[in-house]
2 protein chains.
Amino acid sequence: MVVSSIFESRRIAVSGLGFKKSLKAAGRRVTRTRQAVLSLLERTAQPLSATEIFDQLQQEKVSIDLVTVYRTVHVLKELGLVAQIELHQEGQARFELKEGREHHHHIRCQMCGAIVDLLLCPLKKLTKLIESQTQYIVDDHTLEFTGLCPKCQ
Amino acid sequence: MVVSSIFESRRIAVSGLGFKKSLKAAGRRVTRTRQAVLSLLERTAQPLSATEIFDQLQQEKVSIDLVTVYRTVHVLKELGLVAQIELHQEGQARFELKEGREHHHHIRCQMCGAIVDLLLCPLKKLTKLIESQTQYIVDDHTLEFTGLCPKCQ
DNA sequence: ATGATATTGCAAGTCTATTGCAATTAACAT
DNA sequence: ATGTTAATTGCAATAGACTTGCAATATCAT
Ligand SMILES: [Mn+2]
Ligand SMILES: [Mn+2]
Ligand SMILES: [Zn+2]
Ligand SMILES: [Zn+2]
């Protein structure tokens, strides 16, 4: 259970800590824009694209360049704080917080684009089978479903 | 079992027929470039990107514009003759023949890029589970593994 | 507060893929 | 065979996601 200071909202408090440690440990700086991007990802259920992050922060009157958004998600990803998701036929990457979340996959509505987490991964056994069949050493996998969400059916 | 005419090589004979029927049924024309692209895909084990198709046909002295390659694979895909594959972090689509092949998935070497077919799909049961859990109607899925091939280990 | 250097914004560039349009070619009727 | 019509092609321009160079700015250890 997380207890937040009365001087900050819970969300900011929670993320700020692990986040700042990770950045400093990597010799990187805690900047306004990095905090803004991370805070937005925390407040958002769906994985966001760079332009979505940019647009949303604009609306929130946070001044940030789109290039900086790209550089920021790149840094957050290499620190392991953020996962990059490339959904089929979307043509753009999306990013979501990893902090404290299990490895999982997604289903996306091909009509409206709504993305839902699938909190499961059925591929542990299959991975071993593939390794023995192909002689590859498996490092990672992607799995994604597409279809129609309840609203769009 | 396929018996080919002595007047044509087996590969051309096999593909040519279904291919021409599909095109005509859709009110499309059987052109030099479409035959060249399809013939190349038949001769190639790995799924090919548009630029790879373009480069290879150039080498074979087949005159074709890159735009035409894009338009050709698009048509072949919409006729159901070709599958479009978007591998994670490749930044370009690949295309492979569907004709007579089972639904399957791929593993890709992150070192050298070698792509191998995984002639299996473990997702039939999972699809039903997901449909009941999410209320989505599942239409399709993608599954891909990455790792190191035997040579790159 | 100061200095070293990481970060940012802007402009320009890269890469994949698409679109408009005039010239060409395939399909079909004569 | 020849002509007619519409699909296809090539070229140039365009779009969209993402990256890179560089000078200005912000962070942070001292
Ligand atoms: Mn998710
Ligand atoms: Mn394949
Ligand atoms: Zn998984
Ligand atoms: Zn499958």
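Just so it is clear, the model here is predicted, and its values are computed rather than measured. Per chain, numbering begins at 1; letters A, B, ... match sequence-line order.
Closest-nucleotide positions on DNA chain C for Arg32(B) and Glu90(B) were compared, and the one nearer the 5' end corresponds to Glu90(B). Taking the nucleotide of DNA chain D with the nearest heavy atom to each of Arg94(A) and Val30(A), the more 5' of the two is matched to Arg94(A). Map Val75(A) and Gln84(B) each onto its nearest nucleotide of DNA chain C; the residue landing nearer the 5' end is Val75(A).
Regarding His74(B), its NE2 atom lies at a distance of 7 Å from the P atom of dT18(C), rounded to whole Å. For the pair Gln92(B) CD and dT18(C) C1', the computed distance is 17 Å after rounding to whole Å. Between the OH atom of Tyr70(A) and the C1' atom of dA11(C) there is a distance of 16 Å, given to the nearest Å. Rounding to whole angstrom units, CG of residue Leu23(A) and C1' of dT7(C) are separated by 12 Å. If you take CZ of Phe54(B) and P of dT16(C), they are 13 Å apart, rounded to a whole angstrom. If you take NZ of Lys20(B) and C1' of dA27(C), they are 13 Å apart, rounded to a whole angstrom. Spacing between atom CG of Asp65(B) and atom P of dT18(C) amounts to 14 Å, rounded to whole angstrom units. Atoms CZ (Arg28(B)) and P (dT25(C)) sit 19 Å apart, rounded to a whole Å.
Nearest nucleotide to the side chain of Arg34(A), out of dA11(C), dT8(C), dT18(C): dT8(C).
Note on Thr31(A): a side-chain N or O is less than 4.0 Å away from OP1 or OP2 of dT8(C). Close to dT7(C), at under 4.0 Å from its OP1 or OP2, lies no side-chain N or O of Arg71(A).
Side-chain atoms of Glu96(B) and His104(B) form a donor-acceptor pair, as typed in the model, at a separation below 3.5 Å. The closest side-chain donor-acceptor pair between Gln56(B) and Glu60(B) falls under 3.5 angstrom.
On the nucleic acid side, DNA chain D contacts chain B at distances under 4.0 Å to non-hydrogen atoms, with the end points of that region at dA6(D) to dA12(D).
Side-chain contact check for Phe95(B) versus Ile85(B): every heavy-atom pair is 4.5 Å or farther apart.
Aromatic pair His141(B)/His103(B): ring centres closer than 6.0 Å.
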Start with the C-alpha distance between Glu86(B) and Arg94(B), add both sets of side-chain angles, then the distance that settles salt bridge (Lys or Arg N to Asp or Glu O under 4.0 Å), and finish with yes or no. CA-CA 6 Å; Glu86(B) 289 174 9; Arg94(B) 292 184 175 276; over 6 Å; no

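Summarising the geometry, atom CG belonging to Asp140(A) is positioned 4.5 Å from atom OG1 belonging to Thr146(B); distances are rounded to the nearest 0.5 Å.
Counting any heavy atom pair closer than 4.0 Å across all strands shown, Leu66(A) reaches no nucleic acid atom.
The salt bridge (charged side-chain N to carboxylate O under 4.0 Å, His left out) test applied to Arg34(A) returns no partner, not counting sequence neighbours.
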